[in-house]
Amino acid sequence: MMTRIFVGLAAALCAGTALAGGPVAADRPREIAAPAAAPSPIAERQLEDEIIYFVLPDRFANGNAANDRGGISGGALQHGFDPTRKGFYHGGDLRGLTAKLDYIQGMGVTAIWFAPIFKNKPVQGKPGEESAGYHGYWVTDFTQIDPHFGTNAEFKAFVDAAHARGMKVYMDIITNHTADVIDYAEGEATSYAYRSKGEYPFSRRGGPEGAPINEGFAGDDNADPANWVKLTDPTFAYTPVVPEAERNVKVPAWLNDVTLYHNRGNSHWVGESSVYGDFSGLDDLATENPRVVSGMIDIFGQWIDDYGIDGYRIDTAKHVNPQFWQAFVPAMLERAEAKGIDHFHIFGEIAYQEPTATLAAQVMAESGLPYALDMGFSVAAQMVASGKSPPRLMAEFLQQDAIYPGGAKTALGLPTFLGNHDFGRFAMFVRDMSGSDEPEALLARVRLGHAMMFLLRGVPTVYYGDEQGFISDGNDQLAREDMFPSQVAVYNDNALVGSTATTAQDNFDTTHPLYRLIADLSAARSASPALRRGLTQVRAFAEDAPGLLAVERHDPETAQRVLAVFNTSASALSQDIEVSYRAKGVAPLLGPCPAALAAPGSVRVTVPAFGFAACILETDD
């Protein structure tokens, strides 16, 4: 009997122009989006089943104004709170995030990943260049929630509230570095330039001609604790200096030992310095040292034990030696399993901006990291959805899935994204790469990019505010706008996509066309095992200009097959596409699908400008 899957859902999804894959006017009449179905129970969902929402708590919702200054007296340069400056705390917190779970879940989100919330150094930087730790990456206490965000009890309340809804919680963690506490006596004179292991060996103070130190230390590639106890003098490259007021500021206390850091000056992001150098002055931990390895396992294992979180996104993963991850990852998975968490998701940040999988696959193979944020996908999606590159680019990128450890199946668990807090927002890239900010075309291209993220392989990861048309003026601080009414001028002058609102207003509009689109894409993906777990076969692509991209997704367990098609051109297109000869018919899941096969092994698709569709290929399997 011919299998007909999800036709009732498909009929509902395909009602209306928004899901026909064509442009949607920003000023169309607004309707209340249908509530998203509750996600399946957490224990039943595999990693690739998730839909992730990434948020910076400081910029999302202020649930308790009393903690805006983190309990610190003084001015903005002491407590870090100044909602008028883009590089300072703005007031968002865990209580506010918890109160907005309805809004987040309304998009069909099943997992929340947020920037680090551990206690940070409130403000750092040279005079006149100060900024605050609102982003969470300048940790001093790895055991406590930063008081600007709330308390450990409020974090537990957040995790419990998310879990009660069937939503997973992913923490953002750092093992590479701490806040900038260690200075170097020679730093100002050298501009903190990196000093290599060859020119400044562990065995001499200040270079090969210096006084002998660390007698018997056999190098940092020897992990024997008996070797590391011989590294007692940290002055081989620079002379570390710690201000008296900060000698014991780090928690756990072992982090205050300066011999546990590389102390070689600033990284220039290439070669040895990429692993051993300070990340823009942040204190770079000697992750080769077994004391650091065991200490970090203790720290982050405890967060699993105490709160039952569901995954870790690992910051600056490629700047840590592979041997560290070979010990750390199995230890975290073991702790999670002991807690009854069977699908603990670990994915590392391996930062690059090229439409390839090569670097991510290399680092994963060397380190044992199971997954990585899919940097290559984000660039490919930006270039193809904007029309800067033909669909061939995405097709050839997807064909690289075979090079990941574990092959193409591993690619199913890679979190895919379009833009983020470091590089900038997807809408900005599309606008700049397409050379046009015409509102309807820009909205249509942004919609197309989101369709690619949800219908192609990987775990779709929505960056907070994208669903409200946030566009950003650049990277880093310029891409970290407030969801609550902002007081930052460089945010508030942006023309948002699909809306006449600005960031000077509250932006939790559940009728925004992008919010509604994401909810609909989530519903289709959650209903289709092929879209969640299906391997990819590229079926067709335009080679030299914008046009068609077609892939067939097949889930071996359920035998479901889905054909996903995208039109990156400004004109409608029709084309015959090869499909599996197992297909006996076609049923719509999302967008304009043909009523039947054109012939055995072929369908003819018609897709509007900047449109997309997902069509179930009915089989007898």
Side-chain angles (χ1 to χ4, degrees), residues 5-6 9 13 35-55 101-114 158-172 303-304 307-314 329 332-348 369-374 406 408-417 453-462 518-536 553-560 562 589-590 614:
I5 309 174
F6 311 124
L9 169 67
L13 288 174
S40 60
I42 286 176
E44 296 177 10
R45 297 202 308 270
Q46 298 181 27
L47 307 180
E48 55 266 30
D49 294 336
E50 306 305 334
I51 297 165
I52 302 172
Y53 189 73
F54 172 45
V55 59
L101 285 174
D102 273 346
Y103 168 85
I104 296 171
Q105 193 168 28
M107 285 177 280
V109 168
T110 65
I112 301 173
W113 153 37
F114 41 80
F158 169 77
V159 175
D160 290 347
H163 282 172
R165 295 166 172 265
M167 302 174 75
K168 294 184 179 180
V169 176
Y170 296 162
M171 296 186 79
D172 200 321
W303 284 94
I304 298 172
Y307 300 98
I309 55 173
D310 306 286
Y312 282 145
R313 179 266 190 185
I314 301 173
V329 169
M332 294 303 101
L333 294 176
E334 183 178 338
R335 294 288 275 268
E337 186 176 352
K339 187 75 174 178
I341 306 166
D342 295 327
H343 302 297
F344 195 82
H345 205 171
I346 296 177
F347 50 99
L369 283 167
Y371 301 101
L373 281 167
D374 199 341
K409 192 173 188 307
T410 297
L412 298 175
L414 303 176
T416 52
F417 67 100
M453 182 170 68
F454 275 83
L455 303 181
L456 297 175
R457 98 293 181 269
V459 184
T461 303
V462 177
I518 291 168
D520 292 332
L521 290 167
S522 296
R525 187 178 189 278
S526 296
S528 169
L531 291 182
R532 301 193 311 276
R533 305 178 187 179
L535 299 176
T536 298
R553 307 280 309 278
H554 173 231
D555 173 41
E557 183 176 345
T558 62
Q560 191 193 53
V562 169
L589 177 61
L590 193 69

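Everything quoted here is computed from the prediction, not taken from an experiment.
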Counting the benzene-type ring for Trp, do Y170 and F344 have ring centres under 6.0 Å apart? no
If I take atom [atom1] from residue [X] and atom [atom2] from residue [Y], how far apart are they, to the nearest 0.5 angstrom?
| X | Y | atom1 | atom2 | result |
| --- | --- | --- | --- | --- |
| D555 | E48 | CG | CD | 9.0 Å |
| L412 | L456 | CG | CG | 11.5 Å |
| F454 | T416 | CZ | OG1 | 8.5 Å |
| L414 | L373 | CG | CG | 9.0 Å |
| M332 | I314 | CE | CD1 | 9.0 Å |
| L333 | H345 | CG | NE2 | 11.0 Å |

With heavy-atom distances below 4.5 Å as the criterion, would you say the side chains of [X] and [Y] are in contact?
| X | Y | result |
| --- | --- | --- |
| M167 | I104 | yes |
| V109 | V462 | no |
| D49 | Q46 | yes |
| D374 | F347 | no |
| I112 | K168 | no |
| M171 | R313 | no |
| P556 | R533 | no |
| F114 | Y53 | no |

Going by side-chain contact (heavy atoms from CB on, under 4.5 Å), name the residues that satisfy it together with A614, two or more places apart in sequence or in a different chain. L455, V562, L589, L590
Across all chains, not counting sequence neighbours, the side-chain contact (heavy atoms from CB on, under 4.5 Å) partners of A161 are T98, L101
L521 and M453: CA distance, side-chain angles, deciding distance, side-chain contact (heavy atoms from CB on, under 4.5 Å) verdict: CA-CA 9 Å; L521 290 167; M453 182 170 68; over 6 Å; no
Closest approach of [X] to [Y] (non-hydrogen atoms, all atoms of both residues):
| X | Y | result |
| --- | --- | --- |
| G106 | A519 | O-CB, 3.6 Å |
| P415 | G413 | CD-O, 3.3 Å |
| I51 | G108 | CD1-O, 3.6 Å |

Does [X] have any side-chain hydrogen bond (donor to acceptor under 3.5 Å, both in side chains) partners at least two apart in sequence or in another chain, and if so, which?
| X | result |
| --- | --- |
| Y371 | none |
| Y307 | N152 |
| D160 | K156 |

Donor-acceptor pair, distance only, cut-off 3.5 Å: does the side chain of [X] make one with the backbone of [Y]?
| X | Y | answer |
| --- | --- | --- |
| Q560 | A530 | yes |
| R532 | S526 | yes |
| R553 | P529 | no |
| S528 | A524 | no |
| E50 | V459 | no |
| R45 | T110 | yes |

Quick test of your reading: applying side-chain hydrogen bond (donor to acceptor under 3.5 Å, both in side chains), list the pairs with at least one residue in residues 334-344, sequence neighbours left out, ordered by first then second residue. D305-R335
Could you please spell out the steps behind the side-chain contact (heavy atoms from CB on, under 4.5 Å) verdict for H554 and L535? CA-CA 5 Å; H554 173 231; L535 299 176; 5.7 Å; no
For the residue pair F54 and W113, does the interplanar ring angle fall in the parallel (under 30°), tilted (30 to 60°) or perpendicular (over 60°) class? parallel
